[in-house]
There are 2 protein chains.
Amino acid sequence: MHTIGTLSKRTGTKVQTIRYYEQIGLMREPVRSSGGQRRYHDADLDRLAFIRHSRQLGFPLDAIRELLDLSDAPSRPCADADAIARRQLRQVELRIERLRALRKELKRMVDDCDGDSVAECRVLEVLRDHSECLTQHEEIGA
Amino acid sequence: MHTIGTLSKRTGTKVQTIRYYEQIGLMREPVRSSGGQRRYHDADLDRLAFIRHSRQLGFPLDAIRELLDLSDAPSRPCADADAIARRQLRQVELRIERLRALRKELKRMVDDCDGDSVAECRVLEVLRDHSECLTQHEEIGA
DNA sequence: TCTTGAACCTCTACCCGCTGTAGGTCCTAT
DNA sequence: ATAGGACCTACAGCGGGTAGAGGTTCAAGA
Ligand SMILES: [Zn+2]
Ligand SMILES: [Zn+2]
Ligand SMILES: [Zn+2]
Ligand SMILES: [Zn+2]
């Protein structure tokens, strides 16, 4: 049996975050000590490690929830798990593409400015007028 | 004089977002009609366009705030504006690096799975055990 | 056995950058 | 005059946590 602090140290997760995961139903409710403190089994430690590692690989919490559910049914085919991972891969690739387009525009505006007065600053000119850009932009926050 | 709806259409910004920008002090408080509705000058339209374009290029709102302040002082040198843009460029480059590392791991786990049962799923194996990874990961959410 | 103090508890609020909804008011065209 | 779109305020919620207040429990040392 482990305390929440032990889980925290062993997985590099803040104590509050573990409680948050419990609150949203991602971690199961653990048993409690006579004084009301959480006591975890090894299985909980594994589950938290899984969650954290999935987060480090960028999976959103609801995808992790699905993966955990799948992980509990060992005899089923793994097509669903693979599909989630491929979806995540596509998301990452999409974000890379978007950021590369941004980088291009930013690089260009920074490189083009000769560092004169604000009135002729290339950076501010481009920000004021999108027609100075080479590419279209994605929706904000997409 | 323009209504908020006109600003919204002309800049592709939701009406609520414009009001939000006002609330956080990014847009100036406009004059009001006798009935209390917002009425904007052309300068406000320009300012909103600037904000939106900067957002499309990924600048956070506080950087945009600085850029707007700088933009109001045309005779000063533009070093500060350029520095903000270079900082943004570095952020974007950093994010690209991180995502490329993620992509590599995700690609590998997806490619390695032969689609058998969950018990032998390569995707789930990797998620359970970071030592199956080739690279270290950044802090979550960084 | 008592005392200390680190670790735990609940609850609430906050971060970014918006978005959505409820319930009401204004403006303008017919 | 009336309809109905556009506007108003105020508040809640998203994801994925993080911080703090104010109180309790636990375990080790004296
Ligand atoms: Zn410049
Ligand atoms: Zn542009
Ligand atoms: Zn698989
Ligand atoms: Zn890993």
Side-chain angles (χ1 to χ4, degrees), chain A residues 1-27 29-40 44 48 50-68 88 91 95 98 137-142, chain B residues 1-27 29-40 44 48 50-68 88 91 95 98 137-142:
Chain A
M1 295 297 245
H2 316 285
T3 65
I4 198 168
T6 306
L7 257 75
S8 170
K9 262 168 227 143
R10 301 266 286 266
T11 63
T13 314
K14 301 224 158 123
V15 166
Q16 288 104 307
T17 304
I18 302 174
R19 291 198 282 246
Y20 168 71
Y21 287 161
E22 181 183 327
Q23 201 183 306
I24 61 169
L26 203 56
M27 287 294 285
E29 288 193 16
V31 294
R32 301 279 185 144
S33 73
S34 56
Q37 298 192 356
R38 289 169 178 79
R39 293 294 179 262
Y40 294 95
D44 297 312
L48 183 55
F50 185 102
I51 294 170
R52 280 276 112 178
H53 193 217
S54 303
R55 286 293 297 131
Q56 288 184 314
L57 291 163
F59 288 87
L61 293 181
D62 53 359
I64 297 174
R65 206 186 295 270
E66 288 184 72
L67 288 166
L68 283 166
Q88 173 64 11
Q91 289 299 311
R95 278 200 273 161
R98 285 177 179 150
H137 313 300
E138 312 280 340
E139 297 265 322
I140 290 171
Chain B
M1 294 296 244
H2 316 285
T3 65
I4 199 170
T6 306
L7 258 75
S8 170
K9 262 169 225 141
R10 300 264 288 267
T11 64
T13 314
K14 299 228 159 118
V15 166
Q16 286 104 311
T17 304
I18 301 173
R19 290 199 281 245
Y20 168 71
Y21 288 160
E22 181 184 327
Q23 202 183 304
I24 62 169
L26 203 55
M27 287 294 284
E29 288 193 14
V31 295
R32 300 279 184 145
S33 73
S34 56
Q37 298 191 355
R38 289 169 180 81
R39 295 292 180 261
Y40 294 96
D44 297 313
L48 183 56
F50 184 101
I51 295 170
R52 281 275 111 178
H53 194 215
S54 303
R55 287 292 296 131
Q56 288 184 315
L57 290 165
F59 288 87
L61 293 181
D62 53 0
I64 297 173
R65 205 186 296 269
E66 289 184 71
L67 289 166
L68 283 167
Q88 172 64 10
Q91 290 298 311
R95 278 200 273 161
R98 286 178 179 150
H137 313 299
E138 312 281 339
E139 297 265 322
I140 290 171

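Residue numbers start from 1 in every chain, and the chains themselves are labelled A, B, ... in the order their sequence lines are given, proteins ahead of strands.
Across every non-hydrogen atom of B:R65 and B:I24, the tightest pair is NH1-O, 2.9 Å. Nearest heavy-atom pair, A:Q88 versus A:L57, reported as atom, atom and distance to 0.1 Å: NE2-O, 3.3 Å. Here the closest heavy-atom approach between residue A:I51 and residue A:M27 is recorded as CD1-SD, 3.7 Å.
For A:D62 and D:dG15, the CG to P distance is 7 Å, given to the nearest whole Å. In this structure, CG of A:L61 is placed 5 Å from P of D:dG16, rounded to the nearest angstrom. If you take CD of B:E22 and P of D:dA10, they are 12 Å apart, rounded to a whole angstrom. Here D:dT24 presents its P atom at 17 Å from CZ of A:R38, a figure rounded to the nearest Å. Going from atom CE of B:M1 over to atom C1' of D:dC7 covers 16 Å, rounded to whole Å. One atom, NZ of B:K14, and another, C1' of D:dC14, lie 13 Å apart when rounded to the nearest Å. The nearest whole Å value for the distance from the CD atom in B:Q23 to the P atom in D:dT9 is 10 Å. Here D:dC26 presents its P atom at 5 Å from CD of A:Q37, a figure rounded to the nearest Å.
Remark on DNA chain D: of its neighbouring residues A:G36 and A:Y20, the 5'-side contact belongs to A:Y20, judged by nearest-heavy-atom nucleotide. Each of B:G5 and A:G58 was matched to the nucleotide of DNA chain D holding its nearest heavy atom; the match closer to the 5' end belongs to B:G5. With DNA chain C read from its 5' end, the first of the two nearest nucleotides for B:G35 and B:F59 is the one closest to B:F59.
Of the possible donor and acceptor atoms, none in the side chain of A:T17 sits under 3.5 Å from a partner among the backbone N and O of A:T13. Distance alone, capped at 3.5 Å, places no donor-acceptor pair between the B:E138 side chain and the A:Q56 backbone.
To the nearest 0.5 Å, the span separating CZ on A:R95 from CD on A:Q91 amounts to 7.5 Å. Atoms OH and CD, on B:Y40 and B:E22 in that order, are 5.0 Å from each other to the nearest 0.5 Å.
Put simply, chain A comes within 4.0 Å of DNA chain C, heavy atom to any atom, from C:dC8 to C:dC18, going 5' to 3'.
Contact annotation for B:I140: backbone-only contact, meaning every heavy-atom pair under 4.0 Å involves sugar-phosphate atoms and none involves a base. Backbone-only contact: A:I4 has heavy atoms under 4.0 Å from sugar-phosphate atoms and none from a base. Residue contacts shown for B:R19 include a base, since a base heavy atom lies under 4.0 Å away. In this structure, B:R52 reaches the sugar-phosphate backbone alone: every heavy-atom distance under 4.0 Å involves primed, P, OP1 or OP2 atoms, never a base.
Between A:R55 and D:dG17 there is a side-chain polar atom (N or O) within less than 4.0 angstrom of OP1 or OP2. Close to D:dG16, at under 4.0 Å from its OP1 or OP2, lies no side-chain N or O of A:T17. Distances shown here put a side-chain N or O of A:S33 below 4.0 Å from the OP1 or OP2 atom of D:dC26.
For the pair A:E29 and A:R38, the salt-bridge criterion is not met [side-chain N within less than 4.0 Å of a carboxylate O].
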